Amino acid sequence: MPGDLKDGRIVIVGASLAGLRTAEALREEGFAGSLTVVGDEPHPPYDRPPLSKQVLLGQATADTTGLPMRRDPDADWRLGVRATGVDLLGKQVLLEDGESLPYDRLLIATGTRARPWPNPEEAALDGVFTLRTREDAGGLAQQLAAGRSACW
Ligand SMILES: Cc1cc2nc3c(=O)[nH]c(=O)nc-3n(C[C@H](O)[C@H](O)[C@H](O)COP(=O)(O)OP(=O)(O)OC[C@H]3O[C@@H](n4cnc5c(N)ncnc54)[C@H](O)[C@@H]3O)c2cc1C
């Protein structure tokens with residue numbers, strides 16, 4: 001990493017796989033400035049693939065899929081708060097709680113969203129689930145353990 005990039009303030013929006021691995025890589029490459037990771041979920045980074053496999057098979061619980069850290073990225077974790085915008089001229093990330101985070105460099109690693117069931121009335125029916133988060137997987141696993149079957 002060139003010397004002029006080793007300092008300053010980096011904000012990463014998205015506290016999941018990409019956000020965590022980027023934070024780790026920045027430190028590995030010698031970034032010594034301030035690092036802030038913003039995530040709208042309340043959890044530290046966790047792995048999603050097991051949510052639709054081991055968790056639904058009852059081989060793991062949804063709260064045990066945390067991503068291992070390869071190194072401590074020495075970051076300020078701002079979890080459970082959504083970024084609502086970016087002031088590009090002022091170089092600030094705007095948070096839903098009204099705070100703003102100044103940055104010199106910004107990474108947006110917000111991944112994707114689950115596509116909702118197209119018909120809202122049907123989506124509201126008992127037994128229709130979205131599977132994206134820990135909470136989703138935990139709820140579905142509970143239903144399966146109670147004897148319901150699933151199709152998708
Ligand atoms: C149930 C399930 C099973 C999967 N199985 C597999 C598999 O078997 N194999 C495979 O290769 N991939 C699988 N995937 C996909 C894999 O999990 C993703 O590719 C991976 O999580 C992408 O990581 P990411 O960090 O880019 O994004 P994400 O994991 O989507 O993380 C983005 C994060 O940013 C947060 N965020 C979004 N907007 C904001 C905002 N405005 N402010 C703050 N935070 C925000 C999100 O809440 C989320 O926490 C699966 C995904 C799911 C949901």
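Predicted, not measured: the structure shown is a model, and the values here were computed from it. Values below: all heavy atoms of this structure, side chains included; hydrogens, waters and symmetry mates excluded. Start at 1 and go down the list; that is how both ligands and their atoms are numbered.
Within a 6.0 Å radius of CZ in Arg113, other residues, nucleotides and ligands contribute 12 heavy atoms or fewer.
Distance from atom 42 (N) of ligand 1 to its nearest protein heavy atom, with residue and atom name: Ala83 N, 2.9 Å. Scanning the protein heavy atoms around atom 49 (O) of ligand 1, the nearest turns out to be Glu41 OE2, 2.6 Å. Residue, atom and distance of the protein heavy atom nearest to atom 3 (C) of ligand 1 are Ser52 OG, 3.3 Å. Annotation: atom 36 (N) of ligand 1 to nearest protein heavy atom, Asp40 OD1, 3.4 Å. At the top of the distance list for atom 52 (C) of ligand 1, counting protein heavy atoms only, stands Arg48 CB, 3.7 Å. If you check which protein heavy atom lies closest to atom 14 (N) of ligand 1, you get Pro49 CG, 4.1 Å. For atom 30 (O) of ligand 1, the closest non-hydrogen atom on the protein side is Arg132 NH2, 2.3 Å. The protein atom (non-hydrogen) at minimum distance from atom 31 (O) of ligand 1 is Ser16 CB, 2.9 Å.
Atoms OG and CG, on Ser52 and Asp136 in that order, are 11.5 Å from each other to the nearest 0.5 Å. The distance from the CG atom of Leu101 to the CG atom of Leu95 is 4.5 Å, given to the nearest 0.5 Å.
A donor-acceptor pair under 3.5 Å is formed between the side chain of Arg27 and the backbone N or O of Asp74. Here the side chain of Arg70 pairs no donor or acceptor atom with the backbone of Ala25 at under 3.5 angstrom. Without hydrogens or angle criteria, Arg82 side chain to Asp40 main chain gives no donor-acceptor distance under 3.5 Å. Between the side chain of Lys91 and the main chain of Asp104, a donor-acceptor pair closer than 3.5 Å is present.
Those atoms of ligand 1 that come under 4.0 Å of a heavy atom in Gly39, given as number and element, are 43 (C), 44 (N). Interface atoms of ligand 1 facing Gly14, defined by a heavy-atom separation under 4.0 Å, are 34 (O). Every atom of ligand 1 with a heavy atom of Leu17 under 4.0 Å away is listed here by number and element: 23 (O), 25 (O). Under a 4.0 Å criterion applied to the non-hydrogen atoms of Val13, ligand 1 contributes the atoms 42 (N), 43 (C).
With a heavy-atom cut-off of 4.0 Å, Thr112 touches ligand 1 through its backbone alone. With a 4.0 Å heavy-atom cut-off, ligand 1 is reached by the backbone of Ala109 but not by any atom from C-beta on. With a 4.0 Å heavy-atom cut-off, ligand 1 is reached by the side chain of Arg113 but not by its N, CA, C or O.
Looking at Thr110, Val55, Leu20, it is Thr110 that brings a heavy atom closest to atom 39 (C) of ligand 1.
Of the N and O atoms on the side chains of Arg48 and Tyr46, at least one donor lies less than 3.5 Å from an acceptor on the other residue.
Remark: atom 6 (C) of ligand 1 lies closer than 4.0 Å to at least one protein heavy atom. Taking a distance limit of 4.0 Å, we find that atom 22 (C) of ligand 1 is approached by no protein heavy atom. The protein does not reach atom 19 (O) of ligand 1 closely, with no heavy atom under 4.0 angstrom from it.
Remark: ligand 1 and Gly19 share no N or O pair separated by less than 3.5 Å (distance only, no angle test). For the pair Arg82 and ligand 1, the shortest N or O to N or O distance does not fall below 3.5 Å. In terms of N/O distances under 3.5 Å, ligand 1 is approached by Ala18.
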(message) Between Glu99 and Arg78, is the salt bridge (charged side-chain N to carboxylate O under 4.0 Å, His left out) condition met? List the steps.
(response) CA-CA 11 Å; Glu99 201 184 336; Arg78 309 297 295 272; 2.4 Å; yes

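With contacts defined as side-chain heavy-atom distances shorter than 4.5 Å, the pair Leu94/Ser100 qualifies. Using a 4.5 Å heavy-atom cutoff, the side chains of Leu107 and Ile10 are not in contact. For the pair Arg9 and Thr36, the minimum side-chain heavy-atom distance is 4.5 Å or more. Using a 4.5 Å heavy-atom threshold, the side chains of Val128 and Glu122 count as separate.
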